[in-house]
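The structure appears below as structure tokens.
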Amino acid sequence: MITLETIAATGVFSVAWLMIAIPGLMAGLLLISGKFFDRSGHWMAVAASSTSFLLAAWMFVQMLTADPEHRAVSVPLFTWIDSGTWSVSAGLQIDQLSIVFALLITGVGSLIHLYSVGYMAHDVRRRRFFAYLNLFVAAMLLLVLADNYLVLFVGWEGVGLASYLLIGFWQHKPSAAAAAKKAFVMNRVGDLGLTMAVMSMLALFGSSSFEAVNAGAAELSPGWATAIGLFLLLGAAGKSAQVPLQGWLLDAMEGPTPVSALIHAATMVTAGVYLVVRSHEVFEMSAAASTAVVIVGAVTLLAGAWIGTSKDDIKKVLAGSTMSQIGYMMLAAGIGPAGYAFAIFHLLTHGFFKANMFLGAGSVMHAMNDDVDMRHYGALSKVMRVTFYTFAMGYLAIIGFPFFAGYFSKDHIIEAAFEHSLWAGLAALIGAGITAFYMTRLMLMTFFGEKRWREGVHPHESPKVMTVPLIILAVFSVIGGALMNAWIQDWLEPATGGHVTEISLVPNLIGWITMAVVAAGVTIAWFVFGGKRTIPDVAPATRNPFTVMGRNELFGNTVNDVLVVQPTMMAASGLVVADTKGLDGGANGLVTVFNGLSNQVRKLQNGQVRTYALTMALGAVAVGVVMILSQLG
Amino acid sequence: MNNIPTPTFEWLQLAPVMAVLVAACLGIVVEAVAPRARRFSLQVVLVVVGIVAALGLLVLNFFAGNIGILAMGAIALDGPTYLMWAALLVFGLLSILVFAERRVDNGMSAFAASAASVPGSQAEAEASEARHEHSEVFPLALFSLSGMMVFCAASDLVTAFVALEVMSLPLYLLSGMARRRRLLSQEAALKYFLLGSLSSAFFLFGMALAYGFSGSFDYRGIDAAVAAPVYGHGLLVTAMVLMAVGLLFKIGAVPFHNWVPDVYVGAPTPVTGFMAISTKLAAVGATARFFFVAVGAERWSWQPMIAAVALITMVVGVVLALSQTDIKRLLAYSSVSHAGFVLVAVVGAIVSTDTASSMAAIMYYLLAYGFATVAAFAMVTLVRNAAGEANDISNWAGLGRSNPVLAGAFAIIMLSFAGIPLTGGFIGKWGVFAAAWVGGYSWLVVAGVIASLVAAWVYLKVIVAMFFAPPVEGVSIAKGSLVTTIPIAVGALASVYLGLFPGPVMDLVTGASIFLR
């Protein structure tokens with residue numbers, strides 16, 4: 001058991017709250033300033049996000065130069081709630097785990113801000129968009145920098161809000177509004193889990209701080225450990241779109257593409273993984289809960305990959321892929337100490353290459369008049385060189401091509417999964433093959449083959465402000481893995497308590513098998529979609545159950561509909577009936593009685609002074625009688 | 001015959017009352033000498049200057065720490081007096097300001113052109129044609145205000161009675177001066193006068209018996225006689241009953257409330273607002289002082305009676321408010337029910353050990369009620385159609401759409417009346433119920449809570465009408481001038497403030513709740 005020792009904040013760490021405050025205040029400023037900042041607001045948002053990044057980078061450098069015992073810093077801010085039996089102080093905890101998140105959020109976030117300057121150039125509500133983006137950055141930073149679960153929950157809800165606002169940003173589209181609502185509602189289910197977890201912690205430990213919870217976890221009864229673990233998992237599944245709460249993520253692609261890249265690929269959806277890793281002491285106390293995490297991760301990684309194989313909408317393919325990759329991370333996080341560092345490692349590399357590919361997809365959509373159907377693409381590699389090459393880097397990274405980013409991070413997870421159990425390893429291995437298949441399919445349908453462009457579409461490369469972030473992200477997609485491979489485990493060990501596993505650059509047996517499976521996936525895709533094969537203009541009708549299920553997102557929506565939505569609707573209409581017939585009937589009956597009474601009594605108010613005077617006189621007598629009676633009593 | 005003491009009069013301590021009286025007298029002079037065109041604005045200036053000066057003098061006295069029994073035992077200047085006077089002056093200023101509204105009704109005030117002329121007569125038509133106005137309403141209101149101030153501070157029965165008449169007589173007049181629906185207004189004034197005289201008779205008779213019992217008009221003398229009675233107990237009980245009738249009439253408690261709805265509806269709406277808060281405040285103050293100071297040692301005798309009156313007042317007020325369709329009538333019954341809630345706190349008094357709890361609760365309730373009432377009646381003057389004020393609640397439908405700000409303010413006021421949390425009304429109700437609970441009247445608290453639940457229906461009905469019903473043709477919220485909008489804004493904001501931050505005001509009323517005896 002390694003308990004993280006934190007030191008008091010000095011220097012730049014004492015102003016760590018600025019990292020959150022600057023984008024937060026900027027969001028507020030942009031929202032209330034009206035038209036005043038319409039012309040400059042987007043650059044101000046970029047500046048706010050970049051300032052946070054510089055602060056994070058500065059702290060990171062300070063931590064790098066400090067000796068390992070003195071890297072984790074706690075920054076107490078104020079006492080939030082003090083109720084006697086339990087207290088919550090709001091503070092920040094900047095340790096090895098949270099700083100890499102802060103770097104990812106602000107770094108990738110700033111690049112996506114920059115990209116959005118180009119992408120949203122012609123949107124009339126641009127200022128609002130950037131305000132929401134800044135709000136998201138602030139909330140996400142609060143989520144990862146909080147030093148206790150309750151403050152984390154504030155950030156958790158904040159990113160949920162930002163996500164809701166941004167998915168539905170194009171509110172004129174009913175589909176976007178519906179998607180935003182769906183994301184919100186399904187996230188509420190997950191939030192319920194997190195709420196119950198936090199309440200359990202407050203009840204059991206009298207505090208929700210990571211320190212107290214991790215210290216107290218060892219004394220938890222197995223029942224409580226499992227309960228808290230499952231509550232946390234429910235929360236994580238909601239935010240990270242894991243089975244069974246996965247349904248909202250594909251619909252969330254209704255939001256502008258930079259949003260999909262930032263929130264629904266690189267950062268927010270990985271919050272669930274962060275939560276599980278952060279709560280590792282709890283999960284280590286309960287085999288049942290951690291096994292549940294592994295199962296959820298394994299199921300989701302296969303389900304997401306499956307969906308990815310059958311969608312024609314480029315963003316939905318990538319969304320399925322995101323689900324799948326987060327499934328990998330969950331799987332790793334559930335494995336235990338051996339997997340924490342790999343989960344975070346894959347989270348970081350995924351942040352790079354998935355953001356890269358989403359932004360690439362955005363660039364393609366930009367060129368194709370916002371058409372998302374890959375069947376209308378083809379042969380784009382010639383006209384969009386920068387987008388193509390950067391996208392290709394992301395592609396090679398995700399399928400795990402040797403020495404690209406994903407190669408390191410994903411292979412570690414597959415190995416660790418095999419060490420955990422055969423079925424987990426097989427799931428991860430098969431997932432890798434399917435990933436190779438659907439990503440190759442995406443590449444071939446988009447960039448190769450024949451032009452299947454619609455009329456009036458003239459693809460062109462995107463402006464510099466969009467391609468520069470692509471290039472930077474592409475570079476990290478290539479070198480991110482190699483850069484962190486040897487370092488990340490040592491770095492994270494104090495925070496996650498992971499045991500360092502020896503890793504070598506030379507693949508072992510599982511590594512070779514993985515490469516073979518990936519190669520097979522690529523090859524199959526090539527035979528189906530590559531070369532001069534024609535891609536049908538509409539998805540061919542098929543009875544193949546696998547394809548049908550994939551196209552319908554494994555009937556996740558139907559399941560939700562039958563299991564949740566319809567019963568809820570029926571319960572709601574039942575309640576309405578009970579309410580009108582029972583409660584309202586009762587209440588209205590009461591009111592009717594009172595109204596009847598009222599109508600009788602008001603007859604005394606007949607407007608005649610003599611009646612009034614009589615009433616007064618009788619009243620005086622009555623008062624006297626009451627007085628005399630009370631003397632006797 | 002040579003031992004009559006030289007009368008003493010503490011000018012500085014009594015200066016707040018004097019300032020109001022002087023302003024009123026100057027108002028008469030203005031009526032006599034100023035040209036007609038100037039009078040109205042001069043009167044408004046006089047009112048504002050007089051009341052603000054009185055407030056200033058009050059604050060001066062407060063910080064000088066002046067307390068004591070003044071004017072040879074006639075007036076007690078103590079914590080409750082300071083609070084009552086301050087509240088009366090503030091509410092008086094706000095509600096008299098509404099008198100000055102001339103923008104909403106064709107450039108004329110709400111008062112008759114010639115109140116003495118027969119409705120529908122040639123004289124009336126001529127006065128209206130000449131656009132005459134009764135600017136005497138301002139000095140009348142000031143005289144009434146000065147009477148209220150003395151009434152709630154009076155420390156002997158004669159002063160109390162004189163103050164009662166000084167406060168009431170101008171109100172009888174004011175009630176009959178409505179510009180529109182004059183017959184209704186005059187009828188209301190006459191009713192008010194007749195029933196008020198009847199109640200005064202009760203009060204006077206009670207006074208006589210109290211004097212008979214104690215040989216003193218002075219509250220301290222009565223208190224001493226209660227401690228060491230010379231005459232039988234029956235005399236005192238009868239005196240208390242008769243005094244109570246007179247006082248409860250002014251408070252508007254059931255069964256002495258019949259005048260309230262008729263007079264509130266008939267009187268010009270600004271006058272109704274003035275009466276609804278100021279009269280009630282002064283009467284509650286006087287009642288509390290008489291029952292706590294003069295016969296506080298006899299509280300076991302009068303508490304059951306006041307409790308019974310409180311109960312029936314809450315119930316009847318709420319039940320009758322339910323079936324009202326006229327907003328002024330609804331507010332009238334609402335004010336009856338609020339009188340009941342205040343009496344709940346009066347009952348809760350534990351005089352011997354701790355009067356603080358009860359008086360603080362009473363004051364807080366009255367403050368919350370006062371701010372809401374001032375704003376509510378000011379609002380009533382603004383909702384108009386072609387025939388003047390559109391007082392039928394059906395006419396208020398949909399106002400939330402045409403004027404969300406004012407309708408929102410009115411909704412806040414309704415919520416405060418209903419005692420919904422985060423409004424002053426909630427803290428006020430909480431306080432009076434807590435006082436009664438501590439005082440051992442838990443059954444009354446239960447009844448009060450039930451009554452307030454039913455009452456919520458009354459107020460929510462209005463809010464629902466304003467915000468969730470389609471607008472009515474021809475009705476709108478008139479664009480009032482500042483004299484009307486300021487009271488509405490102050491009332492709504494104060495209702496929220498008293499609900500959100502009860503601390504400072506609660507400290508103030510708790511710190512100044514001990515009667516001097």
Side-chain angles (χ1 to χ4, degrees), chain A residues 31-32 34 78-84 572-573 575-576 578-633, chain B residues 184 187-188 190-195 197-199 201-202 205-206 233-234 236-238 240-242 244-246 248-249 253-262 265-266 298 300-309 312 315-316 318-324 329 332-333 453-454 457-458 461:
Chain A
L31 281 178
I32 61 168
F78 56 89
T79 303
W80 186 15
I81 304 168
D82 189 357
S83 80
S573 42
L575 273 179
V576 169
D579 190 47
T580 42
K581 293 274 160 63
L583 283 175
D584 276 12
N588 288 336
L590 198 65
V591 170
T592 315
V593 168
F594 273 108
N595 274 335
L597 191 62
S598 191
N599 285 325
Q600 293 305 314
V601 180
R602 71 190 286 192
K603 285 179 186 156
L604 291 173
Q605 192 75 26
N606 59 5
Q608 311 255 356
V609 175
R610 56 177 180 273
T611 316
Y612 294 177
L614 183 64
T615 317
M616 272 180 68
L618 290 176
V621 172
V623 165
V625 169
V626 169
M627 189 98 161
I628 290 162
L629 282 179
S630 66
Q631 303 296 308
L632 301 174
Chain B
L184 198 65
E187 183 191 327
L190 190 62
K191 271 183 198 166
Y192 193 17
F193 173 66
L194 287 174
L195 295 170
S197 309
L198 185 60
S199 81
F202 276 104
F205 200 5
H233 194 236
L236 176 63
V237 168
T238 318
M240 282 196 288
V241 169
L242 295 173
V245 172
L248 292 172
F249 175 86
V254 180
F256 315 108
H257 70 291
N258 296 71
W259 63 277
V260 174
D262 291 11
V265 172
E298 270 295 319
W300 310 119
S301 304
W302 56 258
Q303 271 177 330
M305 172 194 70
I306 301 285
V309 170
I312 190 171
V315 171
V316 169
V318 166
V319 166
L320 280 172
L322 275 177
S323 59
Q324 301 309 321
R329 227 174 165 78
Y333 281 111
L453 288 180
V454 178
W457 175 268
V458 175
K461 203 171 66 178

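These numbers were taken from a predicted model, which means no experiment stands behind them.
- Taking each heavy atom of B:Ser301 and A:Ser630 in turn, the nearest pair found is O-OG, 3.7 Å.
- Residue contact with chain A, scored on non-hydrogen atoms closer than 4.5 Å, involves the backbone and the side chain of B:Leu195 alike.
- The distance from atom CD1 of B:Ile306 to atom CE of A:Met627, rounded to the nearest 0.5 Å, is 8.0 Å.
- Applying the side-chain hydrogen bond (donor to acceptor under 3.5 Å, both in side chains) criterion to B:Lys191, with sequence neighbours excluded, gives B:Glu187, B:Asp262.
- Using a 4.5 Å cut-off between heavy atoms, B:Val309 contacts chain A through its side chain alone, with no backbone atom that close.
- Counting heavy-atom pairs under 4.5 Å between each of B:Ala244, B:Gly234, B:Pro261, B:Ala188 and chain A puts B:Pro261 at the top.
- In terms of heavy-atom proximity, A:Tyr612 sits nearest to B:Trp259 at CD1-N, 4.4 Å.
- With a threshold of 4.5 angstrom between heavy atoms, B:Ser199 approaches chain A through its backbone and through its side chain.
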Table please: side-chain donor-acceptor pairs of residues 614-626 of chain A below 3.5 Å, with sequence neighbours left out.
residue: A:Thr615; atom: OG1; partner: A:Thr611; partner atom: O; Å: 2.6

